[in-house]
Amino acid sequence: MTQTYVSDPADAQRWQENWVPVDRRLLGLDKRTLLPAAVVLLLFAVAVWILPAINNRVTVEDPIVAGDVIQVGSVVEFVPAVGANLLLGLRKGQPGPGGDYPSTAAVSYQGTVFEIITDAYNGTPAQLLEQIKKNDEGLRVPDGGGLHVTSEPVTITNAAGEHGVAAHYDGTQSVGLVAAFVFGGTGVEIEIVGPQQVQDNVTQQIAAMLRSVRPVAPGSGS
């Protein structure tokens, strides 16, 4: 018969306390420790692999593709540059609840934000621009406290041949353009703000977006 000798009674007591019966072992491990270990491993997997994977899949980007037209309210629409990101507003043909479109829309393109705000207005584009210039809340840019118009208003023309006015402004950290159109009793305020230096191709795309601002074609529907 095989005997087990333990020289120290204290060691024997520790051995008895730590001994796990066969029916409570799995692959040599105490079954009671498997669940806590599994939880630790699961939390590790969530932190290291699962959350980053979800984060990579969930994105706030809403890129503009060829053919996209953004409708602003019931009267105005424009064509953003392909590759721009839709920050606010809805694509034409995809109205919100009740079939309506918000009165404000904005896209960003290569660091420049292009925003349109519409509201009822019966004056001229020049009068609307002057009102915007006098209204601190009308120029909603991040550094609005240091903003000032740096040019006289000039006439601009959209792709449909309608005339508006525009003026350049400077801020402490950005530059931009504020423009105004009036389409059949709807005033259109356009704010363009971007960094001090932009590439020529970005300027061309922003100018094309400005020219694309137009009334919604009659009968084109929502």
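Please read all numbers here as calculations on a predicted model, not as lab measurements. As a basis for the values below, the full set of heavy atoms in this structure was taken, side chains included, without hydrogen atoms, waters or symmetry mates. Residue numbers start at 1 and run along the sequence shown.
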Please enumerate all residues that pass side-chain contact (heavy atoms from CB on, under 4.5 Å) together with [X], with sequence neighbours excluded.
X: Thr157; value: His163
X: Gln199; value: Asn201, Val202
X: Leu87; value: Asn85, Ala106, Ser108, Val113
X: Ile64; value: Asp68, Ile70, Pro80, Ala84, Leu86, Arg91

Self-check item: Partner set under salt bridge (charged side-chain N to carboxylate O under 4.0 Å, His left out) for Arg214, not counting sequence neighbours
Solution: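 Scan of Arg214 (salt bridge (charged side-chain N to carboxylate O under 4.0 Å, His left out), adjacent residues dropped) gives Glu77.
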I need the [X] [atom1] to [Y] [atom2] distance, nearest 0.5 Å.
X: Gln71; Y: Ile116; atom1: CD; atom2: CD1; value: 11.5 Å
X: Ile132; Y: Ile117; atom1: CD1; atom2: CD1; value: 7.5 Å
X: Thr104; Y: Asp119; atom1: OG1; atom2: CG; value: 9.0 Å
X: Tyr121; Y: Thr186; atom1: OH; atom2: OG1; value: 12.5 Å

Exercise. For residues 203-213, pull every pair meeting side chain to side chain donor-acceptor pair (under 3.5 Å), keeping only residues two or more places apart or in separate chains.
Key: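 Matches after skipping sequence neighbours: none remain.
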Quiz item: Run the side chain to side chain contact (heavy atoms under 4.5 Å, CB included) check on Met209 and Ile192 step by step: do they pass?
Solution: CA-CA 10 Å; Met209 281 195 274; Ile192 304 168; over 6 Å; no
Considering only heavy atoms from C-beta outward, does the side chain of [X] approach that of [Y] to under 4.5 Å?
X: Ser74; Y: Asp100; result: no
X: Ser103; Y: Thr118; result: yes
X: Phe78; Y: Ile190; result: no

So which heavy atom on [X] is nearest to which on [Y], and how close?
X: Gly194; Y: Thr112; answer: CA-OG1, 3.9 Å
X: Pro195; Y: Gly111; answer: CD-O, 3.5 Å
X: Gly89; Y: Pro102; answer: CA-CG, 3.9 Å
X: Phe114; Y: Val213; answer: CZ-CG2, 4.1 Å
X: Ala180; Y: Leu129; answer: CB-N, 4.0 Å
X: Val72; Y: Ala105; answer: CG2-CB, 3.7 Å

Quiz prompt | Residues Val182, Thr124; criterion side chain to side chain contact (heavy atoms under 4.5 Å, CB included); working and verdict | solution = CA-CA 6 Å; Val182 178; Thr124 67; 5.9 Å; no
Quiz item: Which residue pairs pass the ring pair (Phe, Tyr, Trp, His ring centres under 6.0 Å) test with at least one member in residues 178-207, sequence neighbours excluded?
Solution: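 Checked against ring pair (Phe, Tyr, Trp, His ring centres under 6.0 Å) - neighbours excluded - the pairs reaching residues 178-207 are Phe181-Phe183.
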Exercise. Not counting sequence neighbours, which residues clear side chain to side chain donor-acceptor pair (under 3.5 Å) with Glu162? List them please.
Key: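 By the side chain to side chain donor-acceptor pair (under 3.5 Å) rule, Glu162 matches Asn158.
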Quiz item: For Val69, which fellow cluster members are found when Ile, Leu, Val, Met, Phe, Trp and Tyr are connected by side-chain heavy-atom distances below 4.5 angstrom, either directly or through intermediates?
Solution: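 Members alongside Val69: Val79.
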